[in-house]
Amino acid sequence: MITTETIKTTCPYCGVGCGVDTKVQQGNLIAVSGSKEHPTNQGRLCVKGSALAETVSHQGRLLSPKIANKNVDWNTAYSHVANKLSDIIEKHGPDAVAMYVSGQILTEDYYVANKLMKGFIGTANLDTNSRLCMSSAVAAHKRAFGSDTVPGCYEDIELADLVILTGSNLAWAHPIIYQRLAKAKAERPDMKIIVIDPRKTASCDIADLHLPLKPGSDGFLFNGLTHYLIASNKIDQTFIDLHCEGFEDLSENVQQQTLVQTALDCDVSEESLKTLYHWFASNERTVTLFSQGINQSSSGVDKGNAIINCHLISGKIGKPGATPFSITGQPNAMGGREVGGLANQLAAHMELNNPNSLNKVKRFWNAPNLVQKEGLKAVDMFDAVGNGQIKAIWIIATNPVVSMPDADKIKQALAHCDLVIVSDSSDSTDTLQFADVCLPATTWGEKDGTTTNSERRISRQRRFLTPPKKAQDDWKIICEVAKRMGFNEAFNFASSADIFREHAALSGFENTNTRGNNERDFDISGLAEISNLEYQNLEPIQWPINSTYPKGRKRFFDDGQFYTASNKAHFITITPRLPTYAADCDQLILNTGRIRDQWHTMTRTGKAHRLLEHIATPQIEIHPDTAAKLLIKNTSLVSLKDRGIEYIARANISDSQRKDSVFVPMHWSDEFASHARANSLVRPIQDTLSGQPEFKHSPVTIKPLTPHWQGVLLSASDFVPDKRMEWFKTPLANCTLWELIDLETSPSFTWLTAAYPKVDQWVHFKDSEQRYLSAAGFIGNLLQVVLLSGPELPEYDKAWLAKQIGTEFLPDQDRLRLLAGFPADPSLQTGKTICACYQVGEQTIINTLQSGEADSVEHLGEKLKCGSNCGSCIPELRALVNSHSSECISSVVETNNAA
Ligand SMILES: Nc1nc2c(c(=O)[nH]1)N[C@H]1C(S)=C(S)[C@@H](COP(=O)(O)OP(=O)(O)OC[C@H]3O[C@@H](n4cnc5c(=O)[nH]c(N)nc54)[C@H](O)[C@@H]3O)O[C@H]1N2
Ligand SMILES: Nc1nc2c(c(=O)[nH]1)N[C@H]1C(S)=C(S)[C@@H](COP(=O)(O)OP(=O)(O)OC[C@H]3O[C@@H](n4cnc5c(=O)[nH]c(N)nc54)[C@H](O)[C@@H]3O)O[C@H]1N2
Ligand code: SF4
Ligand SMILES: [Mo]
């Protein structure tokens with residue numbers, strides 16, 4: 001009898017941190033579902049989480065350690081890395097080596113990486129992709145609270161009467177929190193939701209108000225709010241007197257930021273601003289949730305503090321439904337902060353610039369070479385790699401050639417570096433192309449440890465799959481190298497549980513102040529002595545976990561106690577600034593970020609075909625007026641340029657954009673497109689306080705491209721596009737779809753036949769001027785490849801045509817039908833996929849709406865099942881209902897036409 005085992009684990013994607021039940025049969029993952037008992041998601045999963053089972057195959061995995069591209073055994077790899085690092089340290093000192101890690105490794109991996117670099121090698125050149133993500137919020141928290149504390153919890157979002165989302169596209173980036181918010185709003189329609197974002201995003205679907213502000217102007221807006229609260233006496237004077245410092249300076253600082261002035265500064269109407277300010281002032285229970293539209297800015301820390309000031313001044317903190325809320329992006333962004341994974345942190349929320357902390361950690365670790373000064377932050381770190389100051393870099397679980405700003409410079413830096421070590425689970429990332437040593441890591445499902453989500457909740461990621469034979473856990477790889485560098489005793493861990501106990505013990509080590517309270521917020525000493533079994537069974541729990549809070553703590557600052565010297569919170573005066581580079585009159589502002597179904601550089605979500613159906617190729621979102629002025633048509637090819645570097649994608653014309661900006665997804669890499677790494681364009685401007693790059697505001701010039709020839713090619717086998725072609729690649733279930741573009745000439749039929757030497761039968765069509773070429777190639781009677789091409793991108797039914805690849809077509813069948821691109825029977829057409837879970841296409845939905853079989857999102861769900869699993873497509877379903885039925889419901893009061 002085949003047995004099915006259910007193992008509980010945590011989703012490896014976003015910082016929401018949903019619990020996942022995995023069903024495993026004979027070592028294979030057969031299904032995933034949301035854990036009903038997990039407090040975060042209570043049974044739900046978003047579309048990425050639902051597709052997890054499709055991403056765990058060993059296809060595309062790095063399967064052996066490699067040195068100079070040759071497979072080696074692990075012992076050779078460990079010794080090689082250890083010896084090389086030791087040599088470099090001996091010759092050039094510890095600061096000549098660096099580690100660049102990730103908010104996607106587990107806390108246990110992170111802990112040993114930090115311990116090795118800061119305690120034993122003796123350099124703080126250990127930074128993380130969280131620098132690109134959370135570092136501005138970390139710095140803002142520390143300035144205001146004296147500690148990097150997220151005060152609230154998810155429940156606050158549901159309890160609030162007003163939720164402000166600023167710089168957050170919650171619907172796509174944190175879907176389960178968005179669903180919890182949407183449900184709360186449906187149950188309490190009086191609850192207000194405001195979205196502050198230059199773009200009208202899917203999150204606006206449930207908003208009462210959208211402010212499409214001038215990019216980068218949030219600092220003005222929140223200083224304006226502080227001014228309004230003071231001027232209209234909507235402040236909490238008792239809370240300020242008892243628990244805050246710096247009120248007079250703050251009050252003086254915001255004097256000029258009147259409503260009229262702020263409306264001008266932010267390019268929004270006075271009316272909408274007044275509504276926002278009035279709602280904030282009159283709702284005790286207010287949550288301001290902020291993310292990358294705030295953090296990824298040259299003044300991200302200041303913006304964070306401008307938000308926190310508004311909450312402190314009105315006492316909206318530490319209470320149910322009232323908190324500023326920096327929502328984290330990666331699954332373990334918080335765990336990384338706990339272990340000290342940033343180059344300016346020490347460990348366990350202790351600081352590098354505090355002699356007392358240095359002394360404690362030195363004694364706790366028995367560390368021979370404890371660092372004394374901060375290390376280089378990500379952008380500076382890669383600069384130092386580029387100029388030879390850093391001679392070895394070990395990159396773990398991140399893909400900087402795609403995700404760092406000025407990404408072509410990252411390529412150059414790595415190409416010139418003496419020793420590039422890359423630990424990854426994938427075998428083909430853009431960064432691996434520059435590795436001297438490749439180390440195959442285990443990944444989700446195969447590794448074992450903990451992560452901490454946005455509300456400080458620690459959850460277990462459990463092993464339920466057997467890893468590929470030669471893949472190794474990240475903590476193990478780091479410890480094996482450390483031991484071979486002579487640090488045997490400190491890295492002699494037997495398991496991740498062993499590491500976790502040490503991490504928990506450090507958090508409680510001499511963690512009391514003179515009044516007998518915690519000196520540091522992060523304290524999980526209550527878990528320092530858990531047994532292996534208790535660790536295995538650990539239930540999700542919010543830190544701190546200690547003798548005062550043995551079951552965890554929902555909210556910080558409910559007691560008005562902060563972690564500053566005076567125990568009072570600090571108001572921070574800021575001078576609002578716009579982004580470093582303004583766009584000239586012939587430029588636009590490049591805004592970058594996430595799309596619904598892809599995760600970062602697509603190394604994992606790119607394996608799940610249904611996740612590539614919502615948006616399959618990179619696109620440039622642009623306002624209709626801007627597009628018209630530049631003679632850009634929808635789906636036509638467009639070039640963005642800056643500093644001689646070009647990005648190429650198709651236009652997506654949408655009035656969701658402001659006229660001064662374009663939006664481009666951050667996800668595409670050289671694996672998936674010829675010129676669509678957004679970060680090749682993004683300038684390496686950083687916030688001087690946090691080092692976080694300004695990913696959202698780079699100037700670009702834009703122009704339409706007129707291809708001479710374009711085509712789609714569906715191929716069952718490998719295909720390499722001609723060097724002169726631009727291309728986008730989309731893996732589908734049974735074949736790969738290539739969009740091919742030639743800007744100057746048309747390829748010949750001979751080019752195609754040469755690319756497919758094994759194809760023995762062709763049907764094809766071409767015109768005398770060679771502008772059109774369509775062909776289908778067969779091996780025997782099996783369809784291998786179809787090309788449809790001409791001066792314009794041909795129209796065709798993707799789902800139908802893809803289904804034909806690999807199937808049999810006898811010579812007397814209508815093979816020419818393939819060249820039309822559509823089925824003979826029109827009722828077989830489905831259109832672009834909207835619901836990825838149930839594979840429901842746009843055309844099917846429109847047909848159903850137009851026939852009157854459904855007239856609401858709920859009815860569509862009943863009829864076609866669309867939107868009834870993860871719910872991620874509900875905003876788009878609603879848009880289709882709105883545009884294809886007579887009633888148009890819109891609660892959004894301001895549109896982008898104001899821009
Ligand atoms: N589907 C998906 N979900 C993800 C991820 C993913 O890759 N894919 N990644 C995860 C990670 S690591 C992170 S950090 C989070 C990020 O989550 P979010 O921060 O929500 O995502 P982004 O799309 O980067 O940016 C959010 C919004 O900021 C807006 N913005 C740009 N400039 C400004 C501005 O000046 N002011 C304001 N107010 N808004 C502005 C953008 O238009 C965008 O809509 O997502 C997490 N979740
Ligand atoms: N333009 C622009 N750029 C951005 C952003 C933006 O908004 N705009 N956002 C920034 C933000 S917030 C973030 S968080 C970064 C994210 O950017 P990255 O960190 O570069 O993105 P990922 O694709 O998640 O990279 C994770 C890598 O780890 C590998 N991996 C998966 N599991 C494991 C494991 O267990 N062990 C090891 N060793 N490897 C593993 C994956 O195959 C993948 O190569 O991008 C940043 N870059
Ligand atoms: S919201 Fe989606 S991606 Fe994020 S943790 Fe939950 S299931 Fe995973
Ligand atoms: Mo992130």
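The first residue in the sequence is number 1, and the count goes up from there. Indexing begins at 1, ligand by ligand and atom by atom, following the structure's order.
- Residue contacts with ligand 2: Q292 is placed with no nitrogen or oxygen under 3.5 Å of a nitrogen or oxygen of the ligand (distance criterion only).
- An N or O contact shorter than 3.5 Å is missing between S102 and ligand 2 by distance.
- D597 and K48 are not joined by a salt bridge, as no carboxylate oxygen comes within less than 4.0 angstrom of a charged side-chain nitrogen.
- Remark: H675 pairs with no residue by the ring pair (Phe, Tyr, Trp, His ring centres under 6.0 Å) rule, at least two apart or across chains.
- Comparing D197, L165, L213 by heavy-atom distance to atom 42 (O) of ligand 1, the nearest is D197.
- Listed by chain and residue number, F382 satisfy the ring pair (Phe, Tyr, Trp, His ring centres under 6.0 Å) test with Y100 (two or more places apart in sequence, or in another chain).
- Under 4.0 angstrom from ligand 2, the non-hydrogen atoms of N679 all belong to its side chain.
- Residue contacts with ligand 2: W444 is placed with no nitrogen or oxygen under 3.5 Å of a nitrogen or oxygen of the ligand (distance criterion only).
- Side-chain contact of N169 with Q292: a donor-acceptor pair under 3.5 Å is absent, judged by distance alone.
- Ranked by closest heavy atom to atom 17 (O) of ligand 1, the top entry among G167, A173, S168 is A173.
- Residue contacts with ligand 1 leave out K214, since none of its heavy atoms falls under 4.0 Å from the ligand.
- Atoms of ligand 1 lying under 4.0 Å from at least one heavy atom of C14, given by number and element, are 47 (N).
- Not a single heavy atom of M666 sits less than 4.0 Å from an atom of ligand 1.
- Not close to ligand 1: T328, with no non-hydrogen atom less than 4.0 angstrom away.
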